[in-house]
Amino acid sequence: NVSMAVWKWAVKCLCKANHIISVSNHTAKDIRQILNINPERITIVPNAVEPRFHQLSLTEIADFRQQYHISPDKICLLNVGSNQPRKNFITVLKVLEALKAKGLPIYLFRTGPDFSSEIKTFIQTHNLSDCITNFGRPDNNTLTKIYNAADILVSPSLYEGFGMTLLEAMACGTPVITSNVTSLPEVAGDAGIIINPTDVEAIVEAVLRLQNHTEFRKSLID
């Protein structure tokens, strides 16, 4: 397919390049090991977040949540990504289900393509339809509002070369729960909660910690 053809072309160019810029140490390691490229030909320059991702006023956030009927007491999780298996979105749904079973006022914002048939089946089977809004692919202005309106970004990816959504959420003042694998600990540093991406209970506990400990939440945002 087209995606594979572009990937092969990019790999060919990497091998012939005089020098390579890598967005993370993890990606640089992959380049060295998979393509057998000398480390001296690689420089690591992490991604930066765009200025459009910034904290909005409390009034703007309240207005956006009201527009989607999300009351102030709701715990609003956010996941930004695709349906690719490596994004591990099914774990986000399991976390949502577990929190709902505990009687918490939980909700999920999600941006990305339409849900796959497998995800739709899971949502219907576990009665989660009433606590999820999928925004599809929103424009830049709306995406910034979504980041701000959410209480927590949950990003349990199994593989990321960088993980831009972590920086975008942080720039909007939204705490992050993410994976302890590939580049994600490198990107989150000590400013996020880092967990096993398949440990549903650990993610649930992280959500509860953020909601119950104001000072801890504030420290991550700071």
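Side chains are part of it too, since the values below use all heavy atoms of this structure and drop only hydrogens, waters and symmetry mates. Numbering of residues begins at 1 and proceeds along the displayed sequence. Since the model is a prediction, treat every value here as computed from it, not as a measurement.
One hydrophobic cluster holds both Val49 and Val23 under the rule that ILVMFWY side chains link at heavy-atom gaps under 4.5 Å. Clustering ILVMFWY residues whenever any of their side-chain heavy atoms sit less than 4.5 angstrom apart, transitively, puts Leu104 in the very cluster that holds Val204. Cluster membership for Ile119 and Val92, using ILVMFWY side-chain heavy atoms within less than 4.5 angstrom, is shared. With hydrophobic clusters built from ILVMFWY side chains whose heavy atoms lie under 4.5 angstrom apart, Leu14 does not share a cluster with Ile21. Leu58 and Ile221 are assigned to two separate hydrophobic clusters, defined by single-linkage of ILVMFWY side chains at heavy-atom distances under 4.5 Å.
One finds the CD1 atom of Ile203 at 10.5 Å from the CD1 atom of Ile193 (value rounded to the nearest 0.5 Å). Taken from SG in Cys172 to CG in Asn148, the straight-line distance is 4.5 Å, to the nearest 0.5 Å. Between the CG atom in Leu167 and the CG atom in Asn47 there is a gap of 7.5 Å [rounded to 0.5 Å]. From Leu128, atom CG reaches atom NZ of Lys100 across 5.5 Å, with rounding to the nearest 0.5 Å. Interatomic distance, CD of Gln84 versus OG of Ser116, reported as 11.5 Å (0.5 Å rounding). Between atom CD1 of residue Ile152 and atom CD1 of residue Ile177 there is a gap of 5.0 Å, rounded to the nearest 0.5 Å.
Annotation: Arg209, atom CZ; neighbour count of heavy atoms from other residues, nucleotides and ligands within 6.0 Å does not exceed 12. Heavy atoms of other residues, nucleotides or ligands lying less than 6.0 angstrom from NZ of Lys74 number more than 12. Around atom CG of Asn36, no more than 12 heavy atoms belonging to other residues, nucleotides or ligands sit under 6.0 Å away. Summarising the local packing, CD of Glu40 is surrounded by 12 or fewer heavy atoms from other residues, nucleotides or ligands at distances under 6.0 Å. Heavy-atom neighbours of His69 NE2 from other residues, nucleotides or ligands within 6.0 Å: at or below the threshold of 12. Dense packing is recorded around CG of Asp73, with more than 12 heavy atoms of other residues, nucleotides or ligands lying under 6.0 Å away. The local environment of CD in Glu201 is crowded, with over 12 non-hydrogen atoms from other residues, nucleotides or ligands closer than 6.0 Å.
The heavy-atom pair separating Leu143 from Arg52 by the smallest distance is CD2-NH1, 4.5 Å. Taking each heavy atom of Arg217 and Leu210 in turn, the nearest pair found is CB-O, 3.7 Å. Scanning all heavy atoms of the two residues, the minimum distance from Glu160 to Lys87 falls at OE2-NZ, 2.7 Å. Closest approach of Ala17 to Ile20, counting heavy atoms only: CB-CG1, 4.3 Å. Minimum heavy-atom separation, Ile194 to Ser179: CG2-O, 3.5 Å. Counting all heavy atoms, side chain and backbone alike, Ser155 lies closest to Leu166 at CB-CD2, 3.9 Å.
Counting only heavy atoms from C-beta outward, the side chains of Pro113 and Arg137 approach each other to under 4.5 Å. Between Pro197 and Asn180 the shortest side-chain heavy-atom distance falls below 4.5 Å. Side-chain contact between Thr198 and Leu158 is present, with at least one heavy-atom pair separated by less than 4.5 Å. The closest side-chain heavy-atom distance from Pro46 to Val187 is not below 4.5 Å. A 4.5 Å side-chain heavy-atom check between Leu208 and Leu99 finds at least one atom pair inside the cut-off. The side-chain heavy atoms of Asp114 and Lys120, taken from C-beta on, include a pair separated by under 4.5 Å. A 4.5 Å side-chain heavy-atom check between Asn79 and Pro156 finds at least one atom pair inside the cut-off.
Here the options are Val80, Thr174, Thr111, Asn141, the test is side chain to side chain contact (heavy atoms under 4.5 Å, CB included), and the partner is Ile146; only Thr111 passes. Looking at Asn88, Thr182, Asp30 one by one, the single match for side-chain hydrogen bond (donor to acceptor under 3.5 Å, both in side chains) with Tyr159 turns out to be Asp30. Evaluated for a side chain to side chain contact (heavy atoms under 4.5 Å, CB included) with Val200, the options Leu96, Val95, Ile90, Leu93 yield exactly one hit, Val95.
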- Message: I'd like to know whether Leu220 forms a side chain to side chain contact (heavy atoms under 4.5 Å, CB included) with Val176, so could you lay out the CA-CA distance, the side-chain angles of the two residues, the decisive distance to 0.1 Å, and finally the verdict.
- Response: CA-CA 8 Å; Leu220 292 187; Val176 166; over 6 Å; no

- Message: The test is salt bridge (charged side-chain N to carboxylate O under 4.0 Å, His left out); show your working for Asp63 and Lys145 and say whether it passes.
- Response: CA-CA 10 Å; Asp63 288 347; Lys145 290 179 180 179; over 6 Å; no

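Remark: side-chain polar atoms of Arg65 are paired, donor with acceptor, to backbone N or O of Ala149 under 3.5 angstrom. Under the 3.5 Å distance criterion, the side-chain polar atoms of Ser183 are left unmatched by any main-chain donor or acceptor of Glu186.
Aromatic ring centroids of Phe115 and Phe122 lie 6.0 Å or more apart.
Ring geometry for Phe64 versus Tyr68: interplanar angle of 30 to 60°, hence tilted.
Tyr107 and Thr133 are linked by a side-chain donor-acceptor pair at a separation below 3.5 angstrom, with hydrogens and angles left out of the test.
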